[in-house]
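Below is one structure, written out as structure tokens; the observations come after it.
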2 protein chains.
Amino acid sequence: MLFSKKTEYALQALLALASASRDQPAGSLTLKKMAEMKKIPYKFLEQIMAALKKGGLVSSQKGQKGGYALSRTPAEVTVGEVVTVVEGPVSIRQSSRAAADKEVIYRFYDQLSQTIAGVLRENTLENLYVQSVELAERRRAAEMYYI
Amino acid sequence: MLFSKKTEYALQALLALASASRDQPAGSLTLKKMAEMKKIPYKFLEQIMAALKKGGLVSSQKGQKGGYALSRTPAEVTVGEVVTVVEGPVSIRQSSRAAADKEVIYRFYDQLSQTIAGVLRENTLENLYVQSVELAERRRAAEMYYI
DNA sequence: ATAATTCCTATTATTTCCATAGGGATAATA
DNA sequence: TATTATCCCTATGGAAATAATAGGAATTAT
């Protein structure tokens with residue numbers, strides 16, 4: 001499995017921040033709020049936000065009235081960056097280079113890594129956010145038939 | 001990490017069988033031989049070969065003079081099949097479907113899975129085997145300069 | 001001062017990964 | 001027929017990674 005729960009939680013939290021940044025530029029949310037909104041264990045999310053901050057993807061404000069906000073626009077944040085920041089560099093498999101025979105297998109892993117990296121690079125928070133909004137709208141429209 | 005050691009070992013063993021099938025069609029190798037050749041823990045490889053057999057990728061012969069052989073030509077075995085057989089279906093992340101908000105993230109995972117599946121489908125044992133032979137030859141050629 | 005927050009470090013529970021172990025079943029061969 | 005070399009099957013163990021939980025220190029607004 002390529003990604004852990006951390007990536008899922010990180011993306012969810014960042015999507016919440018992306019949404020908040022729509023309402024007001026530099027809109028921020030508290031950890032508590034994000035954990036509640038997205039049903040993520042509070043203390044676990046805390047660690048994830050720390051990583052995101054360290055990775056420069058979010059900024060934070062301490063104390064009362066504090067919170068987290070995106071430090072770039074959603075369109076400027078790729079999924080790849082998020083993954084790298086919370087999981088470390090994406091690797092198909094821990095490979096220790098060398099070994100003539102395994103070489104060809106590791107090369108294959110590398111090739112696959114490149115392909116994955118491409119997909120990760122081409123998708124941004126903005127993409128995901130827009131998709132989630134569209135999806136929610138389509139759902140609302142569909143529900144009207146049942147009223 | 002997408003693949004475990006099992007995939008690496010499985011591919012190595014299968015490449016050994018692919019090589020054996022060059023020398024004589026339906027060329028077989030014993031578990032012991034494969035473990036030695038590729039420096040794979042014997043008892044671990046045993047479990048992996050069992051999975052490959054169950055998945056129909058190799059056939060086996062019991063008793064003295066027994067061993068394993070590919071049940072198709074190397075060109076007919078994709079890396080994807082090998083991975084699926086030894087690791088189970090490739091998944092970016094264990095996803096439990098539904099959940100309106102996570103949906104967009106799971107869709108992204110699906111999209112990535114499709115891309116990976118494509119690469120896995122387009123690469124066969126034959127490809128890897130040919131590459132490994134070429135690599136070995138280039139190495140031998142390069143070494144001649146140092147004699 | 002108090003309350004609401006982020007920040008920092010440790011600990012624990014669960015699961016997955018990577019093997020190791022022992023013996024049973026089967027088949028060739030001496 | 002006894003022996004030997006193999007595949008076959010199931011269980012067990014240790015290590016590492018994952019997913020949390022816990023407690024309190026530091027900061028800031030009210």
Side-chain angles (χ1 to χ4, degrees), chain A residues 1-13 17 20 28-55 57-71 83 86-96, chain B residues 1-13 17 20 28-55 57-71 83 86-96:
Chain A
M1 245 166 296
L2 195 56
F3 306 146
S4 73
K5 274 274 170 190
K6 281 188 187 176
T7 291
E8 183 178 317
Y9 291 157
L11 287 174
Q12 283 189 279
L17 292 177
S28 77
L29 290 175
T30 66
L31 191 51
K32 195 181 165 204
K33 200 140 203 170
M34 289 189 286
E36 280 167 2
M37 285 172 63
K38 304 298 187 177
K39 309 261 176 53
I40 301 170
Y42 181 89
K43 283 293 195 176
F44 194 25
L45 182 56
E46 197 175 307
Q47 297 174 71
I48 294 165
M49 294 312 295
L52 292 174
K53 187 184 178 187
K54 198 177 159 205
L57 298 186
V58 301
S59 59
S60 63
Q61 173 64 42
K62 284 187 195 174
Q64 205 162 2
K65 280 277 179 178
Y68 292 91
L70 293 178
S71 45
V83 171
V86 302
E87 311 260 9
V90 171
S91 69
I92 298 313
R93 172 84 213 141
Q94 184 83 17
S95 68
S96 52
Chain B
M1 246 165 299
L2 195 55
F3 306 147
S4 72
K5 274 275 170 190
K6 281 186 186 177
T7 292
E8 183 178 318
Y9 291 157
L11 288 173
Q12 283 189 280
L17 292 178
S28 77
L29 290 176
T30 67
L31 191 51
K32 195 181 167 205
K33 201 140 202 170
M34 289 189 285
E36 279 166 3
M37 286 171 64
K38 305 298 188 178
K39 307 258 176 54
I40 301 171
Y42 180 89
K43 281 292 193 176
F44 194 24
L45 183 56
E46 199 175 307
Q47 298 175 67
I48 294 165
M49 294 311 296
L52 292 174
K53 185 183 178 189
K54 197 177 159 204
L57 298 186
V58 301
S59 59
S60 63
Q61 174 65 40
K62 285 188 196 175
Q64 203 161 5
K65 282 276 181 177
Y68 293 91
L70 293 179
S71 43
V83 171
V86 302
E87 312 260 9
V90 172
S91 71
I92 297 315
R93 173 84 214 138
Q94 182 85 15
S95 67
S96 53

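So you know, we letter chains A, B, ... as the sequences are listed, proteins then strands, and number each from 1.
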Inset, instruction - Would you check, one step at a time, whether the test side-chain contact (heavy atoms from CB on, under 4.5 Å) holds for B/Glu36 with B/Lys32? - result: CA-CA 6 Å; B/Glu36 279 166 3; B/Lys32 195 181 167 205; 3.7 Å; yes

Inset, instruction - Ignoring backbone atoms, establish whether B/Tyr9 has a side-chain N or O less than 4.0 Å from OP1 or OP2 of C/dA19. - result: yes

Legend entry - Whole-Å distance separating the CG atom of B/Leu45 from the C1' atom of C/dA21: 16 Å

Inset, instruction - Could you pick out which residue, A/Tyr42 or B/Glu46, lies toward the 5' side of DNA chain D when each is mapped onto its nearest nucleotide? - result: B/Glu46

Legend entry - Side-chain N,O (A/Arg93) to OP1/OP2 (C/dC17) below 4.0 Å: no

Inset, instruction - Measure the distance from CZ on B/Phe44 to P on C/dA21 and round it to the nearest whole Å. - result: 15 Å

Inset, instruction - Could you tell me the separation between the NZ atom of B/Lys43 and the P atom of D/dT12, rounded to a whole number of Å? - result: 15 Å

Legend entry - Interatomic distance where OH belongs to A/Tyr68 and P belongs to D/dT27 [whole Å]: 15 Å

Inset, instruction - Rounded off to whole Å, could you give me the NZ-to-P distance for the B/Lys53 and D/dC7 pair? - result: 11 Å

Inset, instruction - Output the distance between atom CG (B/Leu2) and atom CG (A/Leu2), rounded to the nearest 0.5 Å. - result: 5.5 Å

Inset, instruction - Select base, sugar-phosphate, or nothing to describe what A/Lys5 touches, counting heavy atoms under 4.0 Å on all strands. - result: sugar-phosphate

Inset, instruction - First locate atom NZ of B/Lys38, then atom CG of B/Leu11, and finally report the distance between them rounded to the nearest 0.5 Å. - result: 10.5 Å

Inset, instruction - Starting at atom CG of A/Leu29, determine the distance to atom P of C/dA4, rounded to an integer number of angstrom. - result: 18 Å

Legend entry - First of A/Met1 and A/Gln61 reached from the 5' end of DNA chain C, by closest nucleotide: A/Gln61

Inset, instruction - Mind calculating the distance between CG (A/Leu52) and P (C/dC7) to the nearest angstrom? - result: 12 Å

Inset, instruction - Would you mind reading off the distance between B/Gln47 atom CD and D/dT12 atom P, rounded to a whole angstrom? - result: 14 Å

Legend entry - Side-chain N or O of B/Ser60 closer than 4.0 Å to phosphate OP1/OP2 of D/dT6: no

Inset, instruction - May I ask you to check whether A/Glu87 and A/Thr7 show a side-chain donor-acceptor distance below 3.5 Å? - result: yes

Legend entry - Spatial distance of atom CD (A/Gln12) from atom CD1 (A/Ile40) [nearest 0.5 Å]: 4.5 Å

Show me, pair by pair, the donor-acceptor contacts under 3.5 angstrom made by side chains of residues 46-55 of chain A, not counting sequence neighbours?
from, atom 1, to, atom 2, distance (Å)
A/Lys53, NZ, A/Ser60, OG, 3.0

Grab the N/O contacts between the protein and nucleotides 3-5 of chain D below 3.5 Å, and write none if there aren't any.
from, atom 1, to, atom 2, distance (Å)
D/dT4, O2, B/Gln64, OE1, 3.1

Legend entry - From CG (B/Leu31) to OH (B/Tyr42), nearest 0.5 Å: 4.5 Å

Legend entry - Phosphate OP1/OP2 of C/dT16: any B/Ser4 side-chain N/O under 4.0 Å: no

